[in-house]
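Remarks on the structure that follows.
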Amino acid sequence: MPWRNGGGLTREVASGLVHVPASGEELADGFDWRVSVADVDADGPFSPFAGVDRVITLVEGEGMLLTVDGAPHQVGPLRPFAFSGDAVTDCRLVAGAVRNVNVMTRRGRAWADVRIVTVDTAETVEPACAPGETLLAVAVTEGISVGGPDGPGTALGRLDCVRHEGPGALTLRGDGTVAAIRIRIGCGCGCGCGSGSGATDL
């Protein structure tokens, strides 16, 4: 799908709605949370998303310089960067086109935590999913498989995504890197404060 401002293209990976009352304005975009892959081919402004928190992770290309409400931020490969969709955000490409995994959550209705997880052949990685959470694992490299503890697993192509709902864990094997994205209802701290989404690299 094209960006709101016509400056790029986005492919939706997954999205969801929280089953609690919401205003027509809140539902105008059709999501309370969304994960997508965006191609950025040229410098320019990002589309505004009022009331939405964003985490962007560069998965192809050298980097971007994002200016968010006048403050510059260097965004390098596999370094999740959290910012507000309300902010005036401009992008300058460091060395040509980039591709990003983009996570959006509607503030106060959903919250996201994005972690970059390294998988190697020496051990199995099992990111856990708590009650009420949605866990998405996006393979940002080749060489990853997902499956049960005793099975051979299913190979994931680059930027393939596996979705898990509710209590349990995904079993990841191989040699590569995954973006583990947890979506929770409400704010991240559980107090109803509407705090924003977070980003961590491990």
Side-chain angles (χ1 to χ4, degrees), residues 1 3 7-16 31-47 49 52-68 71-85 87 89-107 110-120 125 127 129 133-144 146 156-164 170 172 174-184 188 195-202:
M1 67 183 74
W3 289 6
L9 293 174
T10 293
R11 173 172 60 88
E12 183 174 294
V13 175
S15 64
F31 69 88
D32 283 321
W33 63 266
R34 187 175 79 183
V35 178
S36 60
V37 175
D39 293 319
V40 186
D41 298 323
D43 298 346
F46 277 13
S47 304
F49 284 87
V52 170
D53 291 312
R54 304 182 64 173
V55 182
I56 195 167
T57 306
L58 191 150
V59 295
E60 288 183 22
E62 296 300 316
M64 303 178 291
L65 177 65
L66 295 187
T67 302
V68 182
H73 302 271
Q74 291 281 353
V75 180
L78 303 183
R79 302 285 293 182
F81 176 70
F83 63 106
S84 171
T89 303
D90 189 76
C91 172
R92 182 169 64 82
L93 301 176
V94 172
V98 299
R99 177 169 288 172
N100 301 310
V101 172
N102 186 35
V103 181
M104 296 187 183
T105 51
R106 195 165 307 283
R107 196 170 302 124
W111 184 90
D113 176 66
V114 180
R115 296 172 182 259
I116 299 301
V117 178
T118 299
V119 181
D120 62 43
V125 175
C129 187
E133 287 186 349
T134 297
L135 172 64
L136 299 109
V138 179
V140 298
T141 65
E142 301 283 351
I144 300 293
V146 61
L156 299 180
R158 197 162 189 272
L159 298 181
D160 281 352
C161 177
V162 178
R163 177 172 175 170
H164 180 87
L170 289 173
L172 303 174
D175 187 7
T177 305
V178 169
I181 303 164
R182 288 177 178 81
I183 307 292
R184 304 171 189 167
S195 61
S197 296
T200 307
D201 57 293
L202 299 176

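Here the structure is a predicted model, which means the values were calculated and not measured.
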**Report entry** Shortest non-hydrogen contact between Cys91 and Met64, atoms and distance
**Finding:** SG-SD, 3.8 Å

Query raised in the report: How far does CZ of Phe81 sit from CG of Leu58, to the nearest 0.5 angstrom?
Result: 12.5 Å

Query raised in the report: Given the rule in the side chain to side chain contact (heavy atoms under 4.5 Å, CB included) test, do Ile181 and Val101 qualify, once you have shown the distances and angles that lead to the verdict?
Result: CA-CA 10 Å; Ile181 303 164; Val101 172; 4.3 Å; yes

Query raised in the report: At their closest point, which heavy atom of Thr118 faces which heavy atom of Val125, and how far apart are they?
Result: O-CG2, 3.9 Å

Report task. Could you tell me whether the side chain of Cys129 reaches within less than 4.5 Å of the side chain of Leu170, counting heavy atoms only? Result -> no

Query raised in the report: Any luck finding a side-chain donor-acceptor pair between Arg92 and Thr67 under 3.5 Å?
Result: no

**Report entry** Spacing of CG belonging to Asn100 relative to CD1 belonging to Ile56, to within rounding of 0.5 Å
**Finding:** 4.0 Å

Query - Ion pair check, Glu142 and Arg158, cut-off under 4.0 Å - result: no

**Report entry** Any side-chain heavy-atom pair of Asp113 and Arg115 under 4.5 Å
**Finding:** yes

Query raised in the report: Can you tell if the side chain of Val59 reaches within under 4.5 Å of the side chain of Leu78, non-hydrogen atoms only?
Result: yes

Report task. Could you check Arg107 against Ser84 for side chain to side chain contact (heavy atoms under 4.5 Å, CB included), going step by step and ending with a plain yes or no? Result -> CA-CA 9 Å; Arg107 196 170 302 124; Ser84 171; 3.1 Å; yes

Requested in this report: For the pair Arg182 (side chain) and Leu135 (backbone), establish whether a donor and an acceptor sit closer than 3.5 Å, ignoring hydrogens and angles.
Outcome: no

Query raised in the report: Of the options Asp53, Thr134, Val52, Val103, which is the one that meets Trp33 in a side chain to side chain contact (heavy atoms under 4.5 Å, CB included)?
Result: Thr134

Query - Val75 side chain reached by Phe83 side chain, heavy atoms, under 4.5 Å - result: no

Report task. Might you point out which heavy atoms bring Ala14 and Arg163 nearest each other, and give the distance in Å? Result -> CB-NH1, 4.1 Å

Query raised in the report: Is atom CD of Glu62 surrounded by more than 12 heavy atoms (other residues, nucleotides or ligands) closer than 6.0 Å?
Result: no

Query raised in the report: In Å, rounded to the nearest 0.5 Å, how long is the span from CZ of Phe49 to CZ of Arg54?
Result: 6.0 Å

Report summary line: When every non-hydrogen atom of Val140 is compared with those of Leu159, the smallest separation belongs to CA-CD2, 4.5 Å

Report task. Can you measure from CG (Asp90) to CG (Leu65) and round to the nearest 0.5 angstrom? Result -> 8.5 Å

Query raised in the report: Does the pair Phe46 and Val68 meet the rule for a side chain to side chain contact (heavy atoms under 4.5 Å, CB included), with working shown?
Result: CA-CA 10 Å; Phe46 277 13; Val68 182; over 6 Å; no

Query raised in the report: Judged by atom type as modelled, is there a donor-acceptor pair below 3.5 Å linking the side chain of Asp32 to the main-chain atoms of Gly16?
Result: no

Query raised in the report: What distance separates Thr105 OG1 from Arg184 CZ, expressed to the nearest 0.5 Å?
Result: 11.5 Å

Query raised in the report: Hey, what do you get for CG (Asp41) to CZ (Arg99), rounding to the nearest 0.5 Å?
Result: 9.0 Å

Requested in this report: Provide the closest heavy-atom pair for Ile183 versus Ala110 in the form atom of the first, atom of the second, distance.
Outcome: CG2-CB, 4.5 Å

Requested in this report: Spell out, as yes or no, whether a donor-acceptor pair under 3.5 Å connects the side chain of Thr141 to the backbone of Thr177.
Outcome: yes

Report task. Locate the shortest heavy-atom distance separating Ala137 from Val178; write the atom from each residue and the value. Result -> CB-CG1, 3.7 Å

Query raised in the report: Does the side chain to side chain contact (heavy atoms under 4.5 Å, CB included) test come out yes or no for Asn102 and Val35, once each step is laid out?
Result: CA-CA 6 Å; Asn102 186 35; Val35 178; over 6 Å; no

